[in-house]
Structures are given as C-alpha cells and as structure tokens.
Amino acid sequence: MDLTLSPDEQAFRDEVRAWISDNHPGKEPEGLSEDDQWKFRVDWQRQLHEGGWAGVSWPKEYGGRGATLIESALFNEELAASRAPGPANVLALAMGGPTLIGHGSEEQKERFLPPILTAEEIWCQGFSEPESGSDLASLKTKAVKDGDDWVVTGQKVWTTYAHHAKWCMLVARTDSEVAKHRGLTYFLMDMEQEEVQVRPLRQITGEAEFNELFIEEARIPDENVIGGVGNGWMVAITTLMNERSGLAFGLQVRLKILLGQVIDLVKEQGLEKDPLVRQRIGQLYTESEIMRLNAWRGLTGIMKTGQPGPEGSLGKWHWSDINQALTEFTMDLRGPDAPATDSEFTFEFLRARANSIEGGTTEILKNIVAERVLGLPKLR
Amino acid sequence: MDLTLSPDEQAFRDEVRAWISDNHPGKEPEGLSEDDQWKFRVDWQRQLHEGGWAGVSWPKEYGGRGATLIESALFNEELAASRAPGPANVLALAMGGPTLIGHGSEEQKERFLPPILTAEEIWCQGFSEPESGSDLASLKTKAVKDGDDWVVTGQKVWTTYAHHAKWCMLVARTDSEVAKHRGLTYFLMDMEQEEVQVRPLRQITGEAEFNELFIEEARIPDENVIGGVGNGWMVAITTLMNERSGLAFGLQVRLKILLGQVIDLVKEQGLEKDPLVRQRIGQLYTESEIMRLNAWRGLTGIMKTGQPGPEGSLGKWHWSDINQALTEFTMDLRGPDAPATDSEFTFEFLRARANSIEGGTTEILKNIVAERVLGLPKLR
Amino acid sequence: MNFDFDDDQRSIKSTAREFLASRSKFEKVRECSEGGHYDEAIWKEMIDLGWAGIFIPEQYGGQELGVVELVILQEELGYAVTPSPFFSNAAAGLMVLHAGSDEQKERLLPGVASGEATGTVGILHDGSAPLVPDAEAASFIVLAGEGDTTRIVEAGDAKIEHRDTIDGTRSFARVSGEGEEMPGDAGAGLDRACAALAAELTGCSQRAMEMAVEYAKDRKQFERPIGAYQGVSHRCAEMLLETEGARAATYYAGWAADHEPESLPAAASMAKAYASDAGWRVTASSLQVHGGIGFTWEHDLHFLLKRAKTDGHLLGGASWHRDRVAKIAGLGDAVIAQV
Amino acid sequence: MNFDFDDDQRSIKSTAREFLASRSKFEKVRECSEGGHYDEAIWKEMIDLGWAGIFIPEQYGGQELGVVELVILQEELGYAVTPSPFFSNAAAGLMVLHAGSDEQKERLLPGVASGEATGTVGILHDGSAPLVPDAEAASFIVLAGEGDTTRIVEAGDAKIEHRDTIDGTRSFARVSGEGEEMPGDAGAGLDRACAALAAELTGCSQRAMEMAVEYAKDRKQFERPIGAYQGVSHRCAEMLLETEGARAATYYAGWAADHEPESLPAAASMAKAYASDAGWRVTASSLQVHGGIGFTWEHDLHFLLKRAKTDGHLLGGASWHRDRVAKIAGLGDAVIAQV
C-alpha cells in the first residue's frame with residue numbers, strides 16, 4: 001500500500017501542471033455567444049492537442065500519449081483542478097475513441113481517430129431513446145440494410161453536442177427476431193444529412209445542454225458499423241465503462257472545488273461556528289475524500305484485473321449523492337436568498353437533480369451493485 | 001372540522017380519568033418474579049373489568065361497554081398516558097374478541113368471550129411461522145380432519161404470552177390443493193395439551209417477550225373453527241386490522257411519554273442550547289404530533305367508511321421510524337455512557353430495532369401503501 | 001372530534017379544484033411563468049369568487065370565514081401551482097388583521113378583500129427583506145422581522161428591486177423602506193401566513209406525488225411498469241407518508257388559528273417546518289421517478305418543484321421553525337440563529 | 001500510487017482471517033459473551049503470533065510494523081467480533097509510544113508487546129473515564145481528555161468500577177485515578193487508536209453485510225428470494241457503499257499514520273466519524289434484512305450490532321469527529337461541544 005506518487009508519476013504530474021499553467025486559456029469570457037463559447041472550447045482542444053495532451057490515454061500509434069492509467073488519472077485531476085474548460089470533443093476523446101481503438105477495424109481507426117484529436121470532427125452519443133432510458137436493450141431505433149447502406153429511422157434523446165457533431169455513436173436495432181440485446185448494432189452516423197434533425201432539449205435549469213435527434217431514413221454506409229453487426233450491445237457497454245471510469249477523476253475534483261467554494265460561502269455568511277453547518281461540512285468533506293480515495297482504489301483494481309469492474313457503479317452513485325447534498329446545503333446556507341438566480345449556486349442546485357439520473361440512474365446502479373458485486377438474484 | 005371533544009366525549013374522558021386516578025395500581029413493583037408480574041397484570045385487568053373498562057369497544061351484549069370509536073380511542077389514550085400496565089389479556093381484548101364477535105357463532109361467543117374479560121382465559125396468537133414471516137399466506141402448519149377433531153402439526157413463532165395462554169388464535173392449512181391463501185382455517189387451539197410445547201425466544205435485549213410453539217398432533221375440536229373452514233385468511237386479516245387500528249392510539253401516547261423523558265434527559269445533560277439537539281427535538285416533537293393527528297384522522301376515516309383502511313399501515317410504519325429515531329437520539333445524547341445498560345434508554349434503544357419488523361415489516365407496509373392506497377402494480 | 005371538513009368547506013374545496021383545473025392548467029402556468037406575468041383574468045375570477053377576502057371580516061368586505069378555509073384554497077392553489085398574488089395578498093391581510101390598528105384595518109383590509117389594493121409581506125434581514133412576493137404590484141408591504149417593529153410601507157415609499165428566482169410562477173423583489181408601525185400581534189399574523197404557505201406546499205406535494213404515481217403505472221422498463229419495482233413503489237409510499245404528514249400538520253395549524261390560538265405558534269412552526277421539507281423531498285423524489293423527462297423544461301413537474309423549494313425558504317426555513325418548536329417543547333431560546 | 005496491500009500485509013490478513021475463523025467462531029463469541037470473560041487461549045495464541053506488539057519497535061519486543069498492519073488485524077478482529085483485550089492493549093501501546101517518555105516506553109511497552117502487562121485507554125469526562133475497555137485486567141490505564149494532561153495510572157492507583165454494556169464481547173469499567181504525566185503527543189496516539197477502532201467497525205460492517213447478503217439469497221417469501229426485491233437488494237447495495245467508504249477512510253488513516261502524519265488528524269477523524277455511522281447503520285440494516293430471526297439472541301448478528309454501536313461511542317462519537325473534520329477543513333474551533 002503506497003498512496004504516494006512514484007518519482008515517475010510525480011514527474012508526469014509536474015509536467016502536466018507546468019504545461020497547464022503555461023497554457024491555461026483562462027476563464028471562459030462572460031457574455032460570449034453560444035457559437036463563440038464553442039469556438040473557445042475547440043481552440044482549447046487544439047491547444048491541448050498541440051501540446052500532446054489530447055487523447056492522453058490513447059496508444060501512441062493512434063496519436064495519443066500512451067499514458068498509463070495513473071498518468072491519465074493525474075492528467076484528468078490536474079485539468080479539472082485548474083478549472084480549465086473541457087475539450088470540445090470530450091465524448092469522442094473519452095468514449096468514442098477508446099471504443100474504436102478496442103472494436104474498430106484498422107481502416108476505421110485511420111479514418112476516424114485523427115480528426116477526433118484535432119476537434120475537426122466532433123462526436124455525439126445516440127444511445128438513449130424516450131422509451132429506453134434504463135432499459136437500454138429495448139432500443140427501438142431501426143436500421144435496415146439497403147444495398148451497401150443501412151437505413152435508420154427512430155428517435156434519440158440526451159445527445160449532448162448533437163448540433164456541433166459530425167458523427168453520432170448510434171446504437172440501433174438491426175434484428176428484431178433475436179433476444180433484445182443481441183439484435184443491436186453500433187454505427188457511426190453522419191450527422192450532416194437532412195434525415196437527421198436536431199432539436200435542443202431545454203432542462204429545468206433553463207439551459208439546453210442536451211438534444212433530441214429525429215432520424216427519418218438516414219443512411220449509414222456499411223463500413224461505419226463498429227464491432228460487427230449484432231454486437232452493438234457489447235460495444236456500447238465498452239463505451240459506458242470508459243465513461244464511468246474516465247470521468248470519475250474529474251468528478252471528484254469538481255466536487256472538491258465546489259466544496260471549497262461552499263466553505264468560502266460559510267465564512268462569508270459568518271456561519272463557521274454554527275454547529276449544524278460544521279456537521280454538514282464535516283460530513284461532506286469526509287464523503288468527498290472517500291470518493292477521491294475510492295477513485296484511486298478503483299484504479300488499483302483495474303490495474304490488477306485489467307478492466308473496470310462493477311464497483312465503478314458505486315463511485316458514480318456516491319458522487320451524485322454527495323453533489324446533491326452539497327448543492328442542497330448551499331441553499332440552506334443562503335436562507336431567504338436561496339431561490340434567487342443571481343448566484344451560480346442556485347443553478348448548480350437545480351442541475352444536480354439530474355446527477356442521479358444521467359449516465360445510469362441510481363436505481364440501476366444499485367441493481368448493478370446488488371447483482372454483479374454482491375451476487376444477489378436478478379428480479380427480471 | 002372540529003378537533004375539540006364534544007361535551008359527551010369530554011364527559012367520557014373525564015369519567016375515564018377519574019376512574020383511572022382512583023384505581024391506578026401504581027408502577028409495577030420492582031424485583032417481582034415473572035409469575036408475580038403476571039399476577040399484577042391479571043389483577044389489574046380484573047379491576048378494569050369490575051369497573052366496566054374491559055372490552056371497552058365490545059358491544060354491551062357481549063359484556064363490553066359499547067363505546068364509540070372515539071371513546072375507545074380516548075380510553076386507550078388515557079390508559080397509556082396514566083402509565084398503567086396493559087391488561088393481561090390484551091391480545092384477546094384487542095384482537096381475538098373483536099374477531100370472534102365479527103366471525104364467530106353465537107355458541108362460540110357465549111363460550112369464549114366472558115373469560116376473556118375476566119382474564120380467566122388468556123389468549124395468544126399463532127400466525128407467524130419461521131418460514132412465513134411477511135408471506136403469511138405461505139403458512140405450513142397443517143390441520144387434518146380426524147373424526148370431530150382437527151389434528152394439527154407445525155411450528156409457530158413470535159407468540160407473546162404463550163406460556164400463560166389457554167387459547168391460541170391459530171391459523172393452519174386445511175387444504176393444500178387450493179391457492180395458498182384459500183386453504184387456511186382459523187382455529188382456537190387449547191394450549192393446555194402435551195402436544196403443544198412452548199419455548200421462550202430470547203431477544204437481543206436479553207428479555208424473552210416472545211415464544212416459539214412446537215405443535216405435534218395437537219387436537220382441536222371442529223367447533224373451535226372460527227368463520228368456517230377455508231376462510232382463515234380473511235378472518236386473520238380482521239384480527240390484524242383490529243391490531244393496527246386499536247394499538248395506534250396507545251403507541252402515539254407512549255411515544256409522547258418517551259419524548260418527554262428525552263426532553264428531561266436533554267436538560268439533565270445541560271444540552272438545551274445545543275443547536276443539533278434542538279433540531280432533533282424539534283423534528284421528533286413534530287413527527288410525534290403528526291402521528292397523533294393522523295391517528296385521529298384515521299378514526300374520522302373509519303367513521304366515514306365503516307372500516308379501517310390501508311392507511312392504517314402508514315401509522316405503524318411512521319411510528320417505528322419515529323421510535324427508532326428517538327431511541328437512537330438518546331444514545332447520542334448519553335455520549336460515552338450510552339452503551340452502558342444502567343439506563344432504561346439503552347434497553348429501549350435495542351428494543352426499538354424490532355419496531356420495523358413486528359406486526360408487519362416496514363417493507364410490507366410500504367407495499368400495502370403502494371398497492372392499496374396508491375394503486376401501483378403488484379410485483380408478484 | 002372530527003378531522004373532516006364540513007359541507008361548506010368541502011364545497012369550497014371542490015369549487016377550487018374544479019375552477020383551477022379548468023382555468024389554471026399547466027399550459028397556463030407555463031405561459032405565465034415564461035412570460036413573467038400573472039394571468040389577470042384568473043386573478044379577477046378568484047376575486048369574484050370572494051377568495052381574496054375569505055378570512056376577512058364582513059365589515060371590511062370579506063367573507064369572514066377562517067384560516068381553515070384559507071388553507072383549503074391555498075392547498076388547491078399549490079396543487080395547481082397557480083400564478084397569482086393570492087398568497088402575498090392574504091398574508092398581508094392576516095398581518096393587518098392581527099397586528100394592525102383599527103384605523104389600519106379600516107384603511108387597508110377592504111382593498112385586500114376586493115383585490116383592488118393588494119398587499120404583501122416581507123421578513124427583514126439586515127435592514128431589507130430579501131425576497132418579497134408580488135411586491136412590485138402591491139399597494140403596501142408589511143415588513144416584519146425579529147427585533148424590528150413591524151411596519152406598513154406604502155408602495156411609493158418602498159425601494160423595490162425585482163429579483164428573478166427559480167420560481168417563475170411568482171414574482172419577487174428585494175424591499176426596504178420606512179413606514180408606519182403596526183401596534184398589534186405580528187406573530188399571530190405570521191403564524192397564520194405560515195399555515196397558508198404550508199398548505200401550498202402540501203398541495204404541491206400532492207400533485208407531484210400523483211404525477212409520480214401515474215407515471216410509474218404507465219412507464220415500462222424491462223417489460224414491467226416501473227411502479228412494480230420497490231425502488232419506485234416504496235419511494236411513492238414515502239411521498240404519501242410525507243404529504244399526509246404535511247397535510248395533517250397544516251390542517252391542525254389552520255384549525256388552531258381559528259379555534260385554539262394558544263396552540264398556534266407550535267402548530268404553525270410544525271406545519272411550516274415539516275411541509276417545507278416534505279415539499280422539497282416529495283417533488284425532488286417525483287423528479288427521480290420521472291427520470292430524464294422530469295428534468296426537462298417541457299415537462300410540468302419543475303413548476304411544482306421550484307415553487308415548493310421557494311416556499312420552503314419564505315417566512316423562515318425548516319431549521320428556523322424546527323428550532324422554534326424545540327423552544328416551545330421546553331428547551332428555551334436558542335443561542336445561535338439557525339440556518 | 002497503489003491501494004493494494006503488499007505481500008506481507010496480505011499474508012498477515014489471510015493468516016488473521018484463517019486463525020480467527022477457526023479459533024473465534026460465533027459459538028466461541030457467544031460463550032465468552034454469556035460467560036462475561038475472554039477466552040484466554042485465543043489471546044495467548046494471538047500473543048504468540050506477535051499481534052500484541054505488531055506496531056511496537058523491536059527494541060521493546062515488538063514486530064516494528066506499522067499502523068496499516070494494526071488496521072489489518074483490527075479489521076479481522078471486528079469481522080470475527082473476537083472477545084479479547086487486543087484493542088485496549090494496542091491503544092495503550094500507541095499512547096505510550098507517541099506520548100510517553102523514553103523511560104515510560106522502556107517500562108511499559110515490553111509488557112504491552114508480550115501481553116504480560118496489558119494497558120488500556122480511557123477518555124476523561126468530568127474527572128473520570130466513563131467507559132474504559134478491559135480496565136479490570138489491565139496493569140496500567142492511560143487517561144486522556146481535552147484540557148487534562150494525559151496520564152498513566154497504575155492499576156493499583158485506579159478506582160475501577162465494572163459497567164455492563166450492550167457489548168458482552170468486551171469488558172468495560174468506569175475509571176478514575178491519579179498518575180504520572182505523559183510528556184509527548186497524546187493526539188498522535190489517540191488518532192492511531194481511532195484508526196484501529198475504525199478498522200474494527202469496518203470489519204463488523206463487512207461481516208454484517210455478508211450475513212445479510214447470504215440470508216437474502218436463501219430466504220424466500222412470496223416464492224422469491226427476498227434479495228430479488230429492491231427493498232432488500234438496494235439496502236444491501238447501500239451496505240456495500242458504506243462499508244467500502246469506511247474501509248477506504250480507514251486504510252487511508254492507517255497509511256497516513258505510517259507515511260504522512262500531517263494528514264493523520266483529518267484522516268483519523270474522518271475514518272472514526274464515517275465508520276461509526278456506517279458500523280451502526282450497516283449492522284442495523286442487516287438486522288432489518290434478517291427480520292424477526294435477526295432480533296433473537298440465538299442469532300449471531302447482535303454481537304456485531306452491539307460491538308459496532310459501542311465502538312461508535314468510544315474515543316469520541318461521530319459528531320465530535322465530524323466537527324473536528326470541519327475545523328481542519330477551515331472552520332476553526334467549535335464554540336459548543338458536539339453531542
């Protein structure tokens with residue numbers, strides 16, 4: 001057991017820190033148009049790429065840095081801690097690229113990987129459907145073979161960045177005769193066609209972070225099938241696994257940053273000595289530390305077993321619990337001012353309600369833990 | 001809406017109060033043997049009976065007082081508030097008698113009701129079995145017709161007062177060919193036979209409040225079937241409904257008494273100004289008031305619809321939540337002294353763990369509320 | 001002893017439910033919320049129904065009914081999340097009725113009862129009231145606060161700064177200003193206003209629970225309605241427990257206001273504390289049952305969620321009221337203000 | 001960066017698991033608990049395995065390993081609820097090692113390491129330590145407390161009154177008495193003892209969770225294993241979350257004690273606070289999963305539940321430690337002692 005960084009890891013972190021400190025784009029300027037905001041993030045990704053920091057965990061042969069698991073984690077920690085914006089093509093970098101590297105053909109890798117790194121081609125994710133939230137295997141979007149193409153019709157939801165995206169990681173049903181999860185195929189769909197309509201989906205926060213996709217006989221060439229027809233379930237699971245393990249590091253750092261802001265708020269309000277406040281800070285500090293420790297413990301586990309285990313579900317669930325508690329606490333702290341939207345805390349508070357839903361509801365995560373970690377019987 | 005007592009109700013309560021005040025047996029003397037404790041409670045019931053307060057809610061024709069629902073509730077409230085002991089034959093008075101009155105033949109009522117009131121014949125309840133806790137319909141104890149008798153074999157558990165009881169309200173399977181809950185019959189079984197063995201069941205508190213029954217070919221004459229062969233499920237449900245509505249009043253008063261003791265403890269410990277303590281007292285005070293109000297609301301509902309509804313499940317569930325929170329709070333208040341058994345609070349703390357299990361687990365009560373009040377689909 | 005409404009009260013309730021079901025549908029709530037204004041027609045009809053003066057003595061143009069009746073209306077207004085100045089005006093009326101001088105009553109209550117000169121109430125913190133409902137349209141604002149005397153500030157004398165909140169169904173502003181002192185019992189007015197707010201919270205909870213239950217019956221995942229899973233069904237049962245708890249405490253506070261005023265301070269704080277927590281927890285829990293769709297602006301649930309959260313912070317939060325209950329329960333005054 | 005034990009640590013853990021599985025079965029725990037005594041043979045064997053001196057420097061007869069190794073043993077001892085003076089003796093050893101003078105170390109540590117002259121630790125409240133484990137059999141008692149100097153009281157100089165607690169697997173007494181002052185860092189010793197206690201709590205939680213999971217797989221109601229219902233399965237998942245949280249915090253505290261002492265105060269208080277809550281909640285939750293049978297004396301679960309609850313109250317309860325975390329997190333000293 002050794003919770004210190006090795007000299008190599010230490011050196012890597014110092015390198016990351018130094019680079020970020022020299023290249024940090026600063027806080028996103030206020031009052032930018034949506035397009036300019038996006039450009040800001042594209043520029044930042046290009047800067048990361050020029051510095052060799054796009055695709056940190058990708059193998060060098062595909063343009064990545066070939067960093068170890070620990071190095072990638074350190075990079076994500078440092079990037080989040082510096083409060084730099086996320087790179088524009090985050091879904092492709094964290095999920096799509098690794099999925100392609102694992103399941104794609106050499107031609108596909110050559111074609112699709114480079115423009116991910118340069119942010120020339122942005123990716124979005126088309127998994128969820130209105131009728132298939134938790135029950136991913138019940139997807140209804142259909143793809144039918146027509147010559148060398150597949151013709152796709154259906155509806156997708158919760159697709160971040162759809163209006164910027166060139167490619168959509170699309171899971172669709174190619175065979176309705178076989179068991180639900182066996183009839184799915186994973187495609188890369190070109191978003192630049194009339195047959196794909198993007199509609200922004202406004203959230204309760206007032207922002208439109210997500211979109212709906214309406215797909216009406218869109219065409220996908222057969223060469224854009226990833227991992228083979230009928231293997232979509234397995235390929236999608238890889239994407240989701242990559243999501244859960246990769247993002248955990250960023251999440252725990254963001255949590256720490258927010259906690260720091262809350263501690264500042266406590267002081268501003270002169271509530272340092274309030275025993276109720278102290279108990280809640282003590283608890284939230286402890287829980288966020290535990291989340292950090294468990295993120296590292298999870299890495300040790302992956303290094304031992306070679307792949308992320310179902311324990312990853314614990315981290316995402318724990319994070320949503322903590323983040324919701326923390327943001328609710330800020331409302332209590334602000335008392336009669338809390339409902340007013342002139343504080344960023346109010347936005348964060350509303351936004352946090354989605355934490356226990358997005359990327360797997362807490363109920364589904366508890367099922368996974370119960371069934372796959374504890375071995376309890378499945379209900380279905 | 002009128003939350004004051006009518007003049008008649010007021011007069012009734014005054015009468016109860018005056019009688020209890022004149023006849024209160026005092027606190028149970030300490031250091032009594034188990035037999036003498038029991039005698040104390042039998043004597044107290046006889047005194048209640050002489051005063052006309054045994055079977056308060058029973059019709060006058062069966063030796064009861066014929067009190068209204070509200071009068072019965074007031075009686076239970078006053079009795080609990082006076083901290084008088086419970087009458088010895090409480091299960092027969094609150095559950096067995098009303099069941100008999102509802103489902104028994106005239107001969108059965110004449111034979112069995114009078115000695116309930118005088119505590120000459122104590123009753124116990126034989127519903128639960130080791131394999132059938134929540135799933136009552138799955139009972140395995142078997143009764144087979146043999147001439148004019150039924151021959152019973154099986155095992156029962158959680159039978160309070162079994163070692164004092166003459167009669168056991170026994171539910172056993174008389175037909176294993178039909179659907180689970182349709183093959184049950186409700187009997188009165190004579191406990192005074194060799195074929196019924198009583199073994200005390202020690203709890204984690206160290207006390208043995210309950211017993212196990214081992215029944216090996218015990219005999220029950222056919223005339224002791226209550227409500228007809230095959231109707232045991234329906235008759236048992238009546239018993240349980242009576243339990244839930246009758247006991248609620250006593251429970252909320254006991255809760256209030258305990259809360260008063262806890263407030264005294266807070267003062268003894270000099271913690272009146274501790275904001276954490278104040279929050280918890282404020283919460284527990286509120287919740288116990290809500291429980292009291294809901295108990296009265298439930299009565300209004302019964303008077304309107306003629307029978308206790310599934311809402312009764314809310315009260316029992318809420319009570320167990322509050323009582324567990326209250327007793328856990330006493331442990332926090334007592335700090336390093338808490339684990340020591342030289343305080344009654346420690347016993348109450350351990351005892352409260354059973355609250356969410358006995359008389360219907362909280363999980364089962366939530367199922368009932370979800371299915372029967374909210375109309376959500378059943379899982380099974 | 002009877003926890004049921006009498007015939008008149010039942011009729012007030014059913015009229016309110018029907019009226020609001022037809023006139024204050026979610027489409028209307030959405031339109032008002034997005035437009036940043038109330039629907040004047042609905043408010044006008046409410047006034048015509050006599051709601052604005054429901055508890056105000058006849059001599060001032062009211063119906064001279066009680067706080068129970070006010071609570072009944074307020075619960076329905078919460079159920080429908082109706083955008084209107086009803087609550088703020090009623091709260092101001094309660095303050096004037098209980099803390100005002102005879103002259104103040106004569107001057108102000110008729111306008112409150114007729115809706116022609118509405119009032120509102122704010123709680124002072126460090127010299128201003130940070131979040132006052134409907135102040136911009138009010139004729140007068142009652143400012144109350146611990147340690148301060150309660151005062152009536154004419155609209156013209158008040159500094160009123162609009163503030164956007166998460167609750168688009170109600171308008172808010174920061175208010176400060178000097179005015180004439182109220183000689184009476186401000187607490188008696190505030191406690192009644194708390195009962196009304198608790199009723200609104202109860203209504204929000206009830207509606208959010210019903211929406212969750214409906215959704216849980218319809219929505220299928222893994223070939224079963226999600227309401228068949230205990231993760232959802234037990235959550236719905238918990239919503240019922242909390243909603244019914246809030247309702248019991250609220251009705252009791254309403255009744256105590258009318259018939260047993262010595263019990264009102266405890267009853268009002270219990271109701272406000274419990275209903276504030278329940279209002280938030282039940283609406284947030286309903287969002288979780290709805291999953292992603294409940295997080296969208298298009299869905300109606302967020303109006304309830306935001307109203308409930310905002311109500312929880314008005315007239316003292318749950319912790320403040322709980323602390324007051326502890327005081328009444330025998331622990332004496334607090335030494336530290338509660339967050 | 002590696003959260004895994006090294007080979008030696010793994011071997012300590014598996015030895016402990018196997019040894020206790022064979023020598024400290026629940027029948028043995030029950031026998032000791034009901035008889036009110038420890039099993040001398042097990043304690044003797046533990047000493048022979050070198051456990052009593054695991055973290056004590058070789059010069060005093062110990063193995064000179066670290067707090068991580070102590071934590072490993074203590075977790076297993078919690079898992080088995082082994083009745084023994086191991087914890088109290090280790091806590092006393094930690095106090096002497098970190099707060100004692102050289103002379104005190106030389107005098108006392110060899111007896112601790114060999115188990116021939118055991119010690120224990122108590123926290124003073126108003127002049128006496130209300131609940132000191134294994135004081136009756138100890139050769140010396142370390143009494144510590146805020147505002148008091150930490151002192152070593154010889155058994156002969158101490159007033160020791162036996163106290164029955166809910167935890168029959170451990171002996172307790174109230175202790176007072178004067179003794180010689182300890183010049184060193186008492187906090188450094190106490191924090192390490194807290195890490196050990198947190199490890200015991202983690203072990204209790206782990207065992208109670210495993211028992212719940214096993215029971216939930218076997219027990220059928222309504223023709224299904226109860227573990228198929230989310231009411232039970234989600235509860236078990238929550239047990240895992242809390243048990244793993246307690247474990248992560250505990251290992252971190254153990255590691256900080258050995259390698260990063262500046263992080264120890266926060267780490268120890270986080271571990272003690274979180275593991276105290278988790279220990280109680282997980283064991284109580286396991287009881288709920290077991291239903292009636294879990295409430296019986298005959299079932300073994302209550303040994304874990306009572307040990308966990310009692311440990312939670314030793315060396316400062318969860319609230320006290322949480323408040324200390326808040327202090328370290330930047331809020332400064334508290335003004336009111338935490339219950």
Side-chain angles (χ1 to χ4, degrees), chain B residues 128 130-138 157-158 180 201-210 212 266 269-271 273-277 280 324 328-329 331-342 346-347 349-358 361-364 366-367 378-380, chain D residues 122-125 129-132 163-168 170 172 174 219-224 226 228-232 235 280-281 283-284 287-299 301-303 305-307 309-320 323 336-339:
Chain B
S128 291
E131 298 297 313
S132 305
S134 294
D135 183 8
L136 192 57
S138 72
V157 75
W158 311 119
K180 283 200 313 179
L201 194 57
R202 206 169 159 207
Q203 299 151 246
I204 67 169
T205 56
E207 291 208 339
E209 205 180 317
F210 302 107
E212 287 180 289
V266 166
Q269 307 253 19
L271 293 168
K273 302 302 172 199
D274 185 309
L276 298 166
V277 168
R280 289 175 80 173
Q324 289 180 347
E328 284 179 41
F329 178 43
M331 296 292 277
D332 291 345
L333 283 173
R334 292 169 56 230
D337 287 316
T341 48
D342 45 20
T346 307
F347 171 83
F349 158 75
L350 285 177
R351 179 63 184 80
R353 292 324 307 173
N355 297 162
S356 47
I357 299 168
E358 55 193 338
T361 65
T362 294
E363 286 79 4
I364 290 295
K366 287 181 183 176
N367 283 351
K378 273 197 182 196
L379 188 62
R380 38 193 190 282
Chain D
I123 306 290
L124 291 164
H125 292 258
L131 216 59
V132 184
R163 283 185 98 180
D164 282 330
T165 73
I166 55 173
D167 182 8
R170 192 168 264 161
F172 285 97
R174 179 186 290 281
R219 168 80 169 180
K220 284 205 171 85
Q221 294 282 277
F222 307 107
E223 276 121 48
R224 272 206 190 81
I226 60 171
Y229 297 100
Q230 290 180 342
V232 171
R235 188 186 271 284
W280 165 243
R281 295 217 295 225
T283 56
L287 196 159
Q288 184 70 19
V289 168
H290 281 84
I293 193 75
F295 193 64
T296 63
W297 189 270
E298 279 174 60
H299 198 277
L301 183 64
H302 69 104
F303 297 116
L305 177 117
K306 293 166 176 175
R307 169 74 72 91
K309 186 67 190 171
T310 303
D311 280 0
H313 286 268
L314 295 181
L315 304 185
S319 301
W320 187 88
D323 194 273
I336 296 189
Q338 295 315 306
V339 166

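Below, chain A is the first sequence line, B the second, and so on; all start at residue 1.
For the pair Ile166(D) and Lys309(D), the minimum side-chain heavy-atom distance is below 4.5 Å. Residues Asp311(D) and Arg170(D) are in side-chain contact: their nearest non-hydrogen atoms beyond the backbone lie under 4.5 Å apart. Looking at heavy atoms from C-beta onward, Lys306(D) lies in side-chain contact with Ile204(B) at the 4.5 angstrom threshold. In this structure, Asn367(B) and Glu363(B) have side chains that are not in contact, with every pair of non-hydrogen atoms separated by 4.5 Å or more. Side-chain contact between Leu201(B) and Trp158(B) is present, with at least one heavy-atom pair separated by less than 4.5 Å. In this structure the side chain of Leu350(B) never reaches within 4.5 angstrom of the side chain of Met331(B), judged on heavy atoms.
For Phe347(B), no part sits under 4.5 Å from any heavy atom of chain D, backbone or side chain. With a threshold of 4.5 angstrom between heavy atoms, Asp167(D) does not approach chain B through any atom at all. Using a 4.5 Å cut-off between heavy atoms, Leu301(D) makes no contact with chain B at all. There is no contact between Ser128(B) and chain D, counting heavy-atom distances below 4.5 Å. Contacts between Arg280(B) and chain D at a heavy-atom distance below 4.5 Å are absent for every atom of the residue. Heavy atoms closer than 4.5 Å to chain B are found in both the backbone and the side chain of Phe295(D). Heavy atoms closer than 4.5 Å to chain B are found in the backbone of Lys220(D), but not in its side chain.
Phe303(D) and Trp297(D) have perpendicular rings, their planes meeting at more than 60° on a 0 to 90° scale where under 30° would count as parallel.
Ranking Glu131(B), Gln324(B), Glu358(B), Lys366(B) against chain D, the residue ahead of the rest is Glu131(B), based on heavy-atom pairs under 4.5 Å. Considering only heavy-atom pairs separated by less than 4.5 Å from chain B, the leading option among Gly292(D), Ala129(D), Gly312(D), Pro130(D) is Gly292(D). Heavy-atom pairs under 4.5 Å with chain B were tallied for His302(D), Glu298(D), Arg235(D), Arg163(D); the largest tally goes to Arg163(D). Contact tally against chain B (heavy-atom pairs below 4.5 Å) for Val232(D), Leu315(D), Leu131(D): the top residue is Leu131(D). When each of Ser138(B), Ala208(B), Ser132(B) is checked for heavy-atom pairs under 4.5 Å with chain D, Ser132(B) comes out on top.
Of the inter-residue distances, the one linking Thr310(D) atom OG1 with His313(D) atom NE2 reads 7.5 Å to the nearest 0.5 angstrom.
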